[in-house]
Amino acid sequence: MLIMENGKRIQVFFFGKLSEIAGAATTLSNLHNTDELIQHLHTQFPALANEKFAVAVNKQTIHTNTELPDNCTVALLPPFSGG
Amino acid sequence: MLIMENGKRIQVFFFGKLSEIAGAATTLSNLHNTDELIQHLHTQFPALANEKFAVAVNKQTIHTNTELPDNCTVALLPPFSGG
Amino acid sequence: MDAIANTSNIMKKTPKNIFTEGPIAPAFISDSIAKHSSNTSIGGHSIFLGQVRADVIDDKQVIAIEYTAYNELALEKMHQIREAIFSKYPLTCMHIHHSLGRVAVGEICLFVFTSSAHRRAAIDACNEIVERIKNELPIWGKEILEDASHQWKVNQ
Amino acid sequence: MDAIANTSNIMKKTPKNIFTEGPIAPAFISDSIAKHSSNTSIGGHSIFLGQVRADVIDDKQVIAIEYTAYNELALEKMHQIREAIFSKYPLTCMHIHHSLGRVAVGEICLFVFTSSAHRRAAIDACNEIVERIKNELPIWGKEILEDASHQWKVNQ
């Protein structure tokens, strides 16, 4: 509850190889946009520096720095390998 | 035996719609090449005039008048419709 | 190999049979798929199935197709197509089955099945085999109509 | 329909599930084929099957792939692909199944099945769906090696 009042609550999901580096999910707050978020994650998980991934905010893949709405979901998506 | 001595024995097979016009097969003799054979068949089965078909001699499709070897097999092949 | 050597070679071998009396059963298809699990170099399978369609001809519905073929020539041609496809594409397996005799509407009359390490070969080969079967094999379909009359099928 | 209306429309519908826990059984495939015999407007089916390959990585053999996905996003994407393919090709049916979890070498992990009146639509659609699934669906394969180590798969 304290977190929610202090700022935006951001749920971050890590997939594929990234889940081995950062775990499956984490919750963050007080980050305003995706650039800030990625910066923060790189500091927290330095091994991310070697990985390629796309970023989706609320299931929309983004291509530029994007404002993070309240209670949003951010996903870090390494290259797909289904099929 | 008499037929064989009198000349070339030619087995003719009719497929698809042509088998309804001429039956499944017939045996002819004394015809030297495919032009003569086709002429003969047109006389014997006038309804062939309305049909499109390819001709195979001993399982090789021919494109020009072709000598008929002894004891050969001639097939009249209407357009294919397998599959 | 020149054309004459090639032809005599084909004449010597007994071509594989492709013909099945009546429709091809779905269980036959799954058995065929299941058999390939032991070939672990395969990464992709491509399958084409021809199914008899209830076309309407002069207000009368097709209820079945009766297939006949010039068997010997069809098998020789299929053998040539098989060899050509195997030299063109890196395939692991190729299986072809075509019905003869009566196949009712809704039933399967053609089963083409190709497998390869990477999907592209299986897909392209399957596609090409289907086209060549339709164009080159001496097979004829007689469409049986609901009033027991018939019409000879024409491939598009 | 403009892009916004389209997006909100997709959000409202519950997208069809495509995920199966573990491998796709050959019997499931034949059941799926058999069900289509009642649709007598179908003339051709095209099927693609992905099978887990025993690749060798650094002298160690792959024994299975473990699939995970961003399920919600994958199903939304698949729904968009489905709508796009149905508007592009005159298809009668389209069925997609993808494994999640562990699939052993030789087992089937992907089943794409399209049907149409005339073969071209089913074949082209199946082909395009397979490419789009590989490129656009957030699914990841972890290749399990014989010594229980692993490597994340990279699509070609």
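Just the heavy atoms: all of them, side chains too, but no hydrogens, waters or symmetry mates, feed the values below. What you are looking at is a predicted structure, and each value in this text was computed from that prediction instead of being measured. Sequence lines set the chain letters: A, B, ... in the order given, protein chains first and strands last, and positions in each chain run from 1.
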Which one, C:Leu110, C:Leu137, C:Asn135, leads in non-hydrogen pairs under 4.5 Å with chain B? C:Leu137
Contact origin within C:Glu136 toward chain B - heavy atom pairs under 4.5 Å: backbone
For atom CD of C:Gln61, decide whether the heavy atoms of other residues, nucleotides or ligands shown that lie under 6.0 angstrom number more than 12. yes
If you count heavy-atom pairs within less than 4.5 Å of chain B, which of C:Ala69, C:Pro138, C:Ser99, C:Gly50 leads? C:Pro138
Separation of B:Phe80 CZ from C:Lys134 NZ (nearest 0.5 Å): 14.5 Å
Check each atom of C:Ile139 against the heavy atoms of chain B and say whether the ones under 4.5 Å are side chain, backbone, both or neither. both
Any donor-acceptor N/O pair, C:His98 side chain to B:Gly82 backbone, under 3.5 Å: no
Can you check whether B:Leu77's main-chain N or O pairs, donor with acceptor, with C:Trp140's side chain at less than 3.5 Å? no
Which atoms of C:Ala74 are under 4.5 Å from chain B, going by heavy atoms: the side chain, the backbone, both sets, or neither? neither
Output for pair (B:Asn58 CG, C:Glu72 CD), nearest 0.5 Å, gives 10.0 Å
Do C:His150 and B:Glu20 come within less than 4.5 Å of each other through their side chains, counting heavy atoms only? yes
Does C:Tyr70 reach the side chain of B:Lys59, with side-chain heavy atoms less than 4.5 Å apart? yes
Quick one: CG on C:Leu73 to CZ on B:Phe15, what's the gap to the nearest 0.5 Å? 8.0 Å
If I measure from the heavy atoms of chain B, does C:Lys142 come under 4.5 Å with its side chain, its backbone, both, or neither? side chain
Any side-chain heavy atom of C:Val154 within less than 4.5 Å of one from B:Ser81? no
Answer yes or no: does atom CG of C:Asp147 have more than 12 heavy-atom neighbours from other residues, nucleotides or ligands under 6.0 Å? yes
